[in-house]
Number of protein chains: 2
Amino acid sequence: MDIATRVWNHKWKIDPIVRSLIDTDFYKLLMCQSVFRNKPDTQVTFSLINRSKSVRLAELVDEGELREQLDHIRSLSLTRGESTWLRGNTFYGKRQMFRPDFMEWFENLSLPPYHLEKRDGQYELTFEGSWPEVMLWEVPALAVLMELRSRAVLDGMKKFELQILYARAMTKLWEKVERLQQVDGLRLADFGTRRRHSFLWQDWCVQALSEGLGNKFVGTSNCLIAKNRDLEAIGTNAHELPMVYAALAETDADLARAPYQVLADWHEEHSGNLRIILPDTYGTEGFLKRAPDWLAGWTGIRIDSGDPATGAETAINWWTERGEDPRKKMVIFSDGLDVEKIAELQAQFAGRVRPSFGWGTLLTNDFRGLTMDDALAPFSVVCKAVSANGHPTVKLSDNPRKAMGPASEIDRYKRVFGVGEQEEQEVVV
Amino acid sequence: MDIATRVWNHKWKIDPIVRSLIDTDFYKLLMCQSVFRNKPDTQVTFSLINRSKSVRLAELVDEGELREQLDHIRSLSLTRGESTWLRGNTFYGKRQMFRPDFMEWFENLSLPPYHLEKRDGQYELTFEGSWPEVMLWEVPALAVLMELRSRAVLDGMKKFELQILYARAMTKLWEKVERLQQVDGLRLADFGTRRRHSFLWQDWCVQALSEGLGNKFVGTSNCLIAKNRDLEAIGTNAHELPMVYAALAETDADLARAPYQVLADWHEEHSGNLRIILPDTYGTEGFLKRAPDWLAGWTGIRIDSGDPATGAETAINWWTERGEDPRKKMVIFSDGLDVEKIAELQAQFAGRVRPSFGWGTLLTNDFRGLTMDDALAPFSVVCKAVSANGHPTVKLSDNPRKAMGPASEIDRYKRVFGVGEQEEQEVVV
């Protein structure tokens, strides 16, 4: 027993969930730099939305503890080691991915205030301010809520039950790893930060993949874990870019152009494997149909909603029509994956494209079936930009259940982007 | 990181497997006291016998390491705390189970020398000397061999593989515990010391049963774990008593009386739940048929070979014939048990007798299926009295595959004890 360590641990008023500003997804930092350069003065509101209404977060998670965790995140700033890593490390084969002016700004950053209220058994948690600052709240806010919920459930368990719980969770994950070892040509990354069971568990899961999958495992979206475990940091861009660009559009014509303007800005900054199209914000089919030819030259596409095989086939047809060879294109699947779906998609698309997988919640939070009444099963909570410079944002996606925004705006966007009937898909996590 | 602890651990030349003279089965100490009183000068030889010839121990386990472990056991003596516990604790409801003269002898005891040779890929390990000293080698010698074999296999595994291995083993054991929770009226004890995977693993298994089964778990045969975990120490007597008494018999008539003389000596010393007949040394059926009436008044019987249900039915019939009420009798099953067999026997005999279970190897060493080519599966090694005052010992048991001794002596014993055809049973562990 190391008394000093034990005393040190007792000195913490809280046991912080997020202990670093880079305990976040790599694409957040890439997008943040892009926003910092192109739209630094945009005022945005991000808001937490729990899509799993049956999980009554405000009854499970103590408000005081939630505030302590969020306050702790506001107290964080970039450490010297973290800054050195961001400045000096190679990301996607490139040195100095993060420019000196961005790094200087980041080194002086603290996250802006939050607004928290309880309503109908849920938390209303919002963040307002300049886009590059507010956007960095998304991932830690989600991770804090997920882990506080885990802790609330674990609090009622005895020491031995906990040991068995984690033994079972490890066994379960390792069985997935063994299944994936059989998948030829697999390329898989951890995308599980935001809805992880806990930080320590994500860290363990990443090590399990790294040990078990060798070079089938290409890296993690979590910058802190990538740094600590000497892994590749993985990620490109997300829906918030087209959503905010679209909300800022003055006219319908501007709106129709907005998603392409995002990628034009990205095109200027990034090359190679960072040129990945995320086409589904306002419907994949229309987006690709109206896309400029230079976009067909990009490296690949990410399929994040709708039926993944349909999305991939749509992309293959589009590349073929535009005279591109789909076999050279990367298709990144990242929506609600688990091992059987991964194996199935790999079997279906290997050789036709270069498939790749961003495995999220069912990697880092698959505690389904491990406790009584499934109290640790993951749930679907998101934190999204809901307005920009006073205009509401809209997301349609390829699954109407994932649509977001005021009804009248959704109708307008559907009209502008020519979105017709969409097939509903169950939102797992 | 506790540097002092780490340095302390590095100072050990070896990592001792057996660190205490009471890391042994409780019945060994009871029998030792009985032998110390009744047959202190008997010269015996105990010998290790690996019944699993396919496990080539001398190729798996380094001779130098084996000698270090055995030498370490010879360096042990009873600590003050252990002595206090043996002198002061209540065993089977009785204070001062161990008499002062025995305790004084035990406090001054070191185990006698051993003889070790390699032959045909196996170790020949024998112990010679006075019976009360030599008999205490049996359990630690077996535990050392089992754990050195485990270590040899574990040596080739990486840190992460080890973590997964134990997560799986924990999960597997806990599934057994959950199955046993469903067994109404269960009374179960740990009998797994001698063929355990390792000391730490046995200690964990005992805690798992204790946490998971509540008062369905009645205790452990391991004195050290009983002491450390504040549990009941469990056990009565074993085959070595009738085997040595029989070997000492001068005539066939003496031989026929020997198994009853053992129990007559025991009858004088013990009462209640310690009066448990172990009838199978030379065939259960003949033993019971010729038994004196006072033996029918004993509390119960232990079934340790042959088909367990048949053994229990034989005992029920015998008690009924002798005018005893079987429903008041304890039947302890202790041979090759696993959960399904336990549940089945409990269902079959609850209400007809008071069933009880001594769960051994498949409690503390069920690593079957957890490694490649099953390198950690338990195997069947025993350490038995093979001679007493120069006469070979014989065991017949209710399973001819468990018979031991020179062929001519086996024939003589079969004739004296009237043993006819016996049904062969596979020896699992």
Side-chain angles (χ1 to χ4, degrees), chain A residues 1-10 156-182 190 197 200-214 216-217 225 228-231 363 366-372 376, chain B residues 1-10 156-182 190 197 200-214 216-217 225 229-231 363 366-373 376:
Chain A
M1 170 46 58
D2 177 354
I3 297 176
T5 300
R6 188 145 169 183
V7 169
W8 168 253
N9 284 334
H10 280 170
M157 296 173 74
K158 286 184 271 183
K159 186 175 170 193
F160 208 84
E161 284 181 280
L162 290 172
Q163 224 182 345
I164 300 294
L165 174 72
Y166 285 105
R168 281 182 164 166
M170 285 178 181
T171 302
K172 189 174 188 183
L173 180 63
W174 195 252
E175 277 161 14
K176 294 188 183 193
V177 169
E178 288 180 330
R179 174 72 185 89
L180 292 173
Q181 285 169 345
Q182 313 305 317
D190 157 39
H197 168 79
L200 289 176
W201 181 245
Q202 181 185 19
D203 191 39
W204 191 89
C205 291
V206 167
Q207 290 173 75
L209 294 190
S210 185
E211 284 267 346
L213 296 182
K216 287 183 160 79
F217 177 62
I225 296 176
N228 291 345
R229 303 286 170 196
D230 213 358
L231 296 165
L363 164 60
D366 191 2
F367 281 65
R368 294 174 301 178
L370 299 185
T371 56
M372 302 254 271
L376 284 175
Chain B
M1 169 47 57
D2 175 355
I3 297 176
T5 301
R6 188 145 170 183
V7 169
W8 168 253
N9 284 334
H10 279 170
M157 295 172 74
K158 287 183 270 182
K159 185 175 170 192
F160 207 85
E161 283 181 281
L162 289 173
Q163 226 183 343
I164 299 295
L165 174 72
Y166 285 105
R168 280 182 164 167
M170 286 178 180
T171 302
K172 189 174 187 183
L173 181 63
W174 195 251
E175 277 160 14
K176 295 188 183 195
V177 169
E178 288 181 329
R179 174 71 185 90
L180 292 175
Q181 286 168 345
Q182 312 305 316
D190 156 39
H197 169 78
L200 289 176
W201 180 245
Q202 181 185 18
D203 192 41
W204 191 90
C205 291
V206 167
Q207 291 174 75
L209 294 191
S210 185
E211 284 267 346
L213 296 182
K216 287 184 161 83
F217 177 61
I225 295 175
R229 303 286 170 198
D230 213 359
L231 296 165
L363 164 61
D366 191 1
F367 282 65
R368 294 175 300 179
L370 299 185
T371 56
M372 301 255 271
D373 58 36
L376 284 175

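Order of the sequence lines sets the chain letters (A, B, ...), proteins ahead of strands, with each chain counted from 1. Everything quoted here is computed from the prediction, not taken from an experiment.
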Using distance only, find each side-chain donor-acceptor pair of residues 206-214 of chain A under 3.5 Å and give its atom names and separation, not counting sequence neighbours.
residue, atom, partner, partner atom, Å
A/Q207, NE2, A/D203, O, 3.3

- Query: So which bits of residues 157-165 of chain B come within less than 4.5 Å of chain A, counting non-hydrogen atoms only?
  - Reply: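 Those residues of residues 157-165 of chain B which have a heavy atom under 4.5 Å from chain A are B/K158, B/F160, B/Q163, B/I164.
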- Task: With sequence neighbours excluded, give me every salt bridge (charged side-chain N to carboxylate O under 4.0 Å, His left out) pair touching residues 162-174 of chain A.
- Result: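 Sorted pair list: A/R168-B/E178, A/K172-A/D366.
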- Can you sort out the partners of A/T171 under side chain to side chain donor-acceptor pair (under 3.5 Å), two or more places apart, ordered by chain and number?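 Counting only residues at least two positions away or on another chain, A/T171 forms a side chain to side chain donor-acceptor pair (under 3.5 Å) with B/T171.
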